[in-house]
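Written out below as structure tokens is the structure these notes cover.
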Amino acid sequence: MSTAISFENVSKVFEVGGRRFEALTDVNLTVDRGDIFGIVGYSGAGKSTLLRTVNALERPTSGRVVVDGREISSLSGKPLWEARQRTGMIFQQFNLLSSRTVYKNIAYPLALAGVGKGEILDRVEELLEFVGLTDKALSYPSQLSGGQKQRVGIARALATRPEILISDESTSALDPQTTGEVLELLQRVNAEYGVTILLVTHEIDVIRTIANKVAVMDSGRVVEHGSVYDIFSNPQNPTSRRFVSSVLHHIPSEEALASIREVHRGRLVQIHVENRESNDPFLSRVARTRGIDFNVVYGGVSELESRLFGNLTVELLGEDRAVDAAIGDLREVTAVHELSAPAREVIHA
Ligand SMILES: Nc1ncnc2c1ncn2[C@@H]1O[C@H](COP(=O)(O)OP(=O)(O)OP(=O)(O)O)[C@@H](O)[C@H]1O
């Protein structure tokens with residue numbers, strides 16, 4: 001798989017009124033061609049700054065950003081303009097030209113590139129059809145819904161046939177249903193036009209819905225990255241865990257755990273569950289073999305990329321030694337974390 005974008009030791013310092021602020025610290029990431037790569041983080045994490053280095057709207061203070069094999073951060077003039085043609089961008093607030101029709105908005109980058117009228121007509125018609133807005137060609141942005149405006153934004157970003165599309169919170173101003181429709185469209189952009197997509201969002205659900213890879217940012221650093229399945233099924237960093245548990249309710253919050261403990265006084269364990277080929281009923285098998293009882297007190301299982309994963313919080317009831325042996329047996333099958341003392345941190349399997 002070839003590389004579309006690589007961030008190499010990228011740092012960015014802003015100086016405002018004589019004060020330095022480090023918005024990015026030593027970011028290293030590789031986006032492969034064909035990826036839908038999501039960057040998630042809370043407000044101020046540095047997501048937009050990182051994204052904007054891809055088309056040199058921001059330049060790193062140190063490090064390199066290589067796009068399509070060229071170090072974009074060092075280009076200027078015509079080479080930079082040409083490189084920008086190969087990267088489309090969409091925005092949270094759509095950034096359409098309000099005095100121009102939908103048709104003219106989409107045609108705009110082509111006109112700037114000096115493309116002939118006939119070719120512009122063909123391309124805009126194709127894009128209008130692709131985004132489902134053929135009947136809105138002569139409407140103005142103010143006559144469109146938010147979802148329709150973003151469709152125009154996507155069509156405009158694709159006009160010059162870019163290989164990369166970067167998206168800055170492109171669904172954050174939209175309601176959930178419209179968000180779903182725009183995300184479906186982005187999936188088609190990736191699948192049908194083969195465009196690599198790098199998107200930043202503070203909504204982890206956006207990433208769960210369309211991305212195959214994810215990086216989690218916190219205070220200007222990438223704190224965790226990997227496949228969406230791996231990060232969702234087994235997040236390691238506290239920020240990643242917070243994001244994941246906001247949409248997947250597999251693991252009890254501290255408050256939920258406290259109320260569970262009021263009722264369930266036995267030993268509590270968290271058991272990681274995953275797609276497995278065998279249909280071994282391991283929980284009841286182990287309980288039977290070791291002569292203990294169990295209660296499932298919390299948990300959930302989700303599906304991602306056609307694979308199942310989840311976590312069960314289980315109370316084990318029996319003699320201490322038998323429970324120890326049962327935990328040992330369970331660990332032969334899957335990851336198990338015992339929640340011993342009430343104040344102990346919840347460990348995500
Ligand atoms: N041009 C600038 N001058 C000074 N500071 C800036 C500039 N651009 C961004 N910053 C600061 O850098 C930090 C990261 O900002 P950035 O917009 O990249 O974060 P973000 O994760 O995209 O957050 P949000 O989702 O709120 O936009 C913030 O503290 C921001 O105030």
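Just so we're clear, the structure is a prediction, and the values are computed from it rather than from any experiment. Both ligands and their constituent atoms are indexed starting at 1 by order of listing.
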Identify every side-chain donor-acceptor pair in residues 282-296 under 3.5 Å, counting partners at least two apart or on other chains, and give the distances.
{"residue": "Ser284", "atom": "OG", "partner": "Pro281", "partner atom": "O", "Å": "3.2"}
{"residue": "Arg285", "atom": "NE", "partner": "Asp280", "partner atom": "OD1", "Å": "2.9"}
{"residue": "Arg285", "atom": "NH2", "partner": "Asp280", "partner atom": "OD2", "Å": "2.8"}
{"residue": "Thr289", "atom": "OG1", "partner": "Arg285", "partner atom": "O", "Å": "2.6"}
{"residue": "Arg290", "atom": "NE", "partner": "Asp329", "partner atom": "OD2", "Å": "2.6"}
{"residue": "Arg290", "atom": "NH2", "partner": "Asp329", "partner atom": "OD1", "Å": "3.1"}
{"residue": "Arg290", "atom": "NH2", "partner": "Asp329", "partner atom": "OD2", "Å": "3.3"}
{"residue": "Asn295", "atom": "ND2", "partner": "Glu315", "partner atom": "OE1", "Å": "3.0"}

**Asked** What pair of heavy atoms forms the shortest contact from Leu174 to Gly147, and how long is it?
**Response**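 Closest pair (atom of Leu174, atom of Gly147, distance): CD2-N, 3.7 Å.
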**Message:** If I compare all heavy atoms of Asn55 with all of Leu80, which pair ends up nearest, and what's the gap?
**Reply:**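 Shortest heavy-atom contact: O-CD1, 4.4 Å.
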**Message:** Residue by residue, ordered by chain and number, which ones reach under 4.0 Å of ligand 1 with a heavy atom?
**Reply:**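 Around ligand 1, where the cutoff is 4.0 Å for heavy atoms, the contacting residues are Phe14, Val16, Phe21, Ala23, Tyr42, Ser43, Gly44, Ala45, Gly46, Lys47, Ser48, Thr49, Glu169.
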**Item:** Ring centers of Phe243, His202 separated by less than 6.0 Å
**Value:**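 Between His202 and Phe243, which both carry aromatic rings, the centre distance is not below 6.0 Å.
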**Asked** Would you say Gln270 and His250 make side-chain contact, with heavy atoms under 4.5 Å?
**Response**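 The answer is no, as the side chains (C-beta and beyond) never meet within the 4.5 Å cut-off.
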**Asked** Does the pair Asp32/Lys213 count as a salt bridge with the N-to-O cut at 4.0 Å?
**Response**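 Looking at Asp32 and Lys213, the cut-off is met.
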